[in-house]
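See below for the structure under consideration.
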Amino acid sequence: MENAQIARALETIATLMELKDETYYRVLGYRRAAESVAAVGRPAYEIQDLRELPHVGGTIAQVIKDLAEDRTPKVLTDLLEEIPSGLVEVTRLPGVGPRTAGRLWRELGITSVEDLAELEEGTLASLKGFGRKSEERILRAARTYNSRERRMLLDEAAALGEHLLRFVRSHPACVEAEIAGSLRRQKETIGDLDLVAASRQGKALADAFAEAPFVDEVVAHGPRKVFIKCRGVEVDLRIVRPEAFGSLLHHFTGGQAHNIALRERAVKIGLNISEYGLAKLGTGEYEPVGTEDKVYERLGLQYIPPELREDTGEISAAQKGELPALVELGDLRGDLHVHTNWSDGKGTIETMAEAAIEPGYEYLVFCDHSQSLKVANGLSPGRLVKKLEAVRAADEKYPEIRLLCGSEVDILKDGTMDYEDDLLAELDFVVASVHTSFRMGEEAMTERIVRAMNNPYVRTIAHPTGRILNRRDPYEVDVSRLILEAKATNTALELNSAPERLDLAVPYMREAVDAGVRITIDTDAHDEVGLGFVKFGISQARRAWVEKESVINCLPLAEFEEYLKSGK
DNA sequence: GCCGTTTTCGGCCCGACTGTTTTCAGTCG
């Protein structure tokens, strides 16, 4: 079983335990362990001592081991004997938690969302503690439930977030406002949006937000908090007075696990943390904190950038003053993987070059598709030679930027490259990737890519797992092995910045960089606008603790050319 | 369940809002 599935299983165990009314901290233990497993790139079955993962002790280590080796752990078997598995889904309905789901099961025999949806009106309202409103809300949730929830890609979430943020900021009662939550942490996909604002007239701002034109539904509405739905997305706005804005921003940037760990730590040094500030333990007298870095300072920690706030080791690193100097957008000197209308891109060599001059890039590598990828108008060897000449000519025209000609060469089914080595040798840079025969099985796919890595001209493997978020799972491939081979062959791994890809994914990327593998952060842009998506590649790299020293396209032009000249 | 700058046992985050309540439990983030 893979790490993502193991994490889901641990999550299920936690929810089943909640339904059983198990001790809160036991449940929390499984939840935290689930996050730890999800965040690690190395497959669990390869990890010698699972207890090295945060929040994994002897008991859960054994549970993970069972799951990794495709056995059902006893704790899960026992739980499933007692509690119908369909109830887990019932707890995912908005407004329905474990207590409610448990009562529905015990008192009405409900064992699934479908059962609930078919319930007659009035049945629910007759239960003690339930009224007409509760019934209406729960039934509606059950009847409109869609198990395949679609999470927003980063670019859509960012666009919506900015739109809502502009509204909040433009209100006269707003002093300051920011996007918080998972969007600020730049998670790879976004479920809901969190906005925070500072105001002296919180209620006025809250009311205005609840009545804004983009609001489809008001879920909750108080003076400090408004919870709305907008285009099917849940949006939370929280408001405090300006003095406490740092505390609020910090509190709602999360993640949940990071906040809990931080508050536990604070208690140990005699402090409570909330969105209103810091208080001496137990006094409830919160002293507001205006900025986030002050929050960390008061806790004796280095400032932790939002992208790292997941409780995956950042707190102890910050305590020791050992946080990485994360790569920044401004560190990038070029893009090594963009397309043009020579294959399936929309931009021309010239328009793409001009778009790359804009952010101050020192170099740009055009990598159009190779011959066998006919659907993408892949270049025959003859056309590739012509394009090489065209790029050389364009390079003369733009002294501001070095234009180079590469290719995104298909890795054929047997692991050979889609052009002869003689031709690859003519190119400035070779990106290799898989676009066909995705379902050949893990072993064959791994061998296929490893063979490509051993080609002396292949510099980087583009979108190494082939996933398309919300649409296509990654193909089966042994990423740990790819990381080892990348290191051995001095081949880079690409972090593809396209919001629907973000491939290689963060947990793997962190493993790769830890193993000393260098990476390329590219856009795979097919038009000028696409170049701008590099900010998402950068944020994913930051989430993976990447420093600029690991990134090939952070090299200044002279050093980059040196790297090209020296071969692999 | 996990974990250790008080602890290997006894601790273990914090608050807003809602609905159905006469004082609070449940849900959510």
Side-chain angles (χ1 to χ4, degrees), chain A residues 10 13-14 17-18 21-36 50-51 53-64 73 75 91-104 124-125 127-138 141 180-182 185 191-196 202 206 210 218-228 234-240 244 247-248 250-279 281-282 284 286 299-300 311 316 319-320:
Chain A
L10 293 173
I13 292 172
M17 283 181 163
E18 265 186 321
D21 204 13
E22 187 60 80
T23 320
Y24 171 75
Y25 287 104
R26 214 177 153 209
V27 174
L28 186 62
Y30 278 89
R31 290 249 149 84
R32 294 173 125 175
E35 295 210 24
S36 295
L50 286 159
R51 287 176 302 178
L53 299 179
H55 309 300
V56 175
T59 308
I60 294 187
Q62 186 56 49
V63 173
I64 295 174
V75 59
T91 67
R92 294 201 191 113
L93 297 173
V96 180
R99 316 299 288 227
T100 307
R103 283 196 60 196
L104 294 173
L124 219 50
L127 255 50
K128 186 168 158 50
F130 286 81
R132 196 183 47 80
K133 281 192 168 178
S134 299
E135 172 173 284
E136 201 182 318
R137 186 173 44 80
I138 292 171
S182 56
R185 298 200 310 282
D192 52 25
L193 297 179
D194 291 288
L195 301 178
V196 294
V218 178
V219 182
H221 177 191
R224 298 179 174 86
K225 164 182 164 141
V226 186
F227 187 32
I228 62 145
E234 295 179 338
V235 184
D236 216 339
L237 171 68
R238 293 293 306 256
I239 306 164
V240 293
S247 289
L248 179 68
H250 175 261
H251 183 84
F252 280 98
T253 296
Q256 189 79 333
H258 173 87
N259 281 0
I260 290 177
L262 214 60
R263 286 181 216 133
E264 283 176 354
R265 190 192 142 78
V267 167
K268 284 178 189 148
I269 58 172
L271 292 169
N272 289 112
I273 310 178
S274 83
E275 60 265 54
Y276 300 110
L278 294 170
L281 200 59
Y286 283 96
L299 296 170
D311 193 27
S316 61
Q319 187 190 339
K320 296 181 212 145

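Residue numbering restarts at 1 for every chain, and letters A, B, ... go by the order of the sequence lines.
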Go through [options] for me and flag the one nearest to the [X] side chain.
X	options	answer
Arg99(A)	dG29(B), dT18(B), dG26(B)	dG26(B)
Arg224(A)	dC17(B), dG29(B), dG15(B)	dC17(B)
Tyr276(A)	dT18(B), dG15(B), dC14(B)	dG15(B)
Lys133(A)	dG1(B), dT20(B), dG29(B)	dT20(B)
Pro223(A)	dC17(B), dG15(B), dT20(B)	dC17(B)
Lys225(A)	dG1(B), dA16(B), dT5(B)	dA16(B)
Gln319(A)	dG29(B), dT5(B), dC17(B)	dT5(B)
Ser134(A)	dT20(B), dC2(B), dC14(B)	dT20(B)
Thr100(A)	dC2(B), dG26(B), dA16(B)	dG26(B)
His251(A)	dT27(B), dC14(B), dG1(B)	dC14(B)

Rounded distance in Å between the [atom1] positions of [N] and [M]:
N	M	atom1	answer
dT21(B)	dA25(B)	C1'	10 Å
dT27(B)	dT20(B)	C1'	15 Å
dC12(B)	dC17(B)	P	27 Å
dC9(B)	dG15(B)	C1'	30 Å
dT18(B)	dT23(B)	C1'	15 Å
dG1(B)	dT6(B)	P	28 Å
dC3(B)	dT8(B)	P	16 Å

Tell me what [X] touches on the nucleic acid: a base, only sugar-phosphate, or nothing, going by heavy atoms under 4.0 Å.
X	answer
Arg132(A)	sugar-phosphate
Leu93(A)	sugar-phosphate
Gly58(A)	sugar-phosphate
Ile260(A)	base
Gln256(A)	base
Asp192(A)	sugar-phosphate
Glu22(A)	nothing

Distance in angstrom units between [X] [atom1] and [N] [atom2], rounded:
X	N	atom1	atom2	answer
Asp311(A)	dG29(B)	CG	C1'	16 Å
Phe252(A)	dG15(B)	CZ	C1'	8 Å
Arg26(A)	dC3(B)	CZ	P	16 Å

Does a side-chain N-to-carboxylate-O contact under 4.0 Å join Arg26(A) and Glu18(A)?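 No salt bridge links Arg26(A) with Glu18(A).
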Looking at Arg32(A) and Glu264(A), does any basic side-chain N land under 4.0 Å from a carboxylate oxygen? yes
Answer yes or no for this row: Tyr25(A) ring on dC12(B) base, centroids under 5.5 Å, planes under 30°.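 The base of dC12(B) is stacked with Tyr25(A) (centres under 5.5 Å, planes under 30°).
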Do the side chain of [X] and the main chain of [Y] share a donor and acceptor less than 3.5 angstrom apart?
X	Y	result
Ser274(A)	Tyr276(A)	yes
Arg265(A)	Leu299(A)	yes
Glu135(A)	Ala125(A)	yes

Regarding Lys225(A) and the six-membered ring of Phe227(A), is the cationic atom NZ or CZ under 6.0 Å from the ring centre and inside 45° of its axis?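 Cation-pi check for Lys225(A) and Phe227(A): passes.
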Using the closest heavy atom to pick a nucleotide of DNA chain B for each, name whichever of Val56(A) or Ala220(A) lands nearer the 5' end.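 This one resolves to Val56(A).
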Nearest-nucleotide comparison on DNA chain B, the residue closer to the 5′ end among Gly29(A) and Arg137(A): Gly29(A)
OP1 or OP2 of dG15(B) sitting under 4.0 Å from any side-chain N/O of Tyr286(A)?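 Checking Tyr286(A) against dG15(B): at least one side-chain N or O falls below 4.0 Å of OP1 or OP2.
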Could you measure the distance from the CG atom of Leu124(A) to the CD atom of Glu136(A)? Nearest 0.5 Å is fine. 11.5 Å
With both distances under 3.5 Å as the test, what is the Watson-Crick or G-U wobble partner of dT8(B)? none
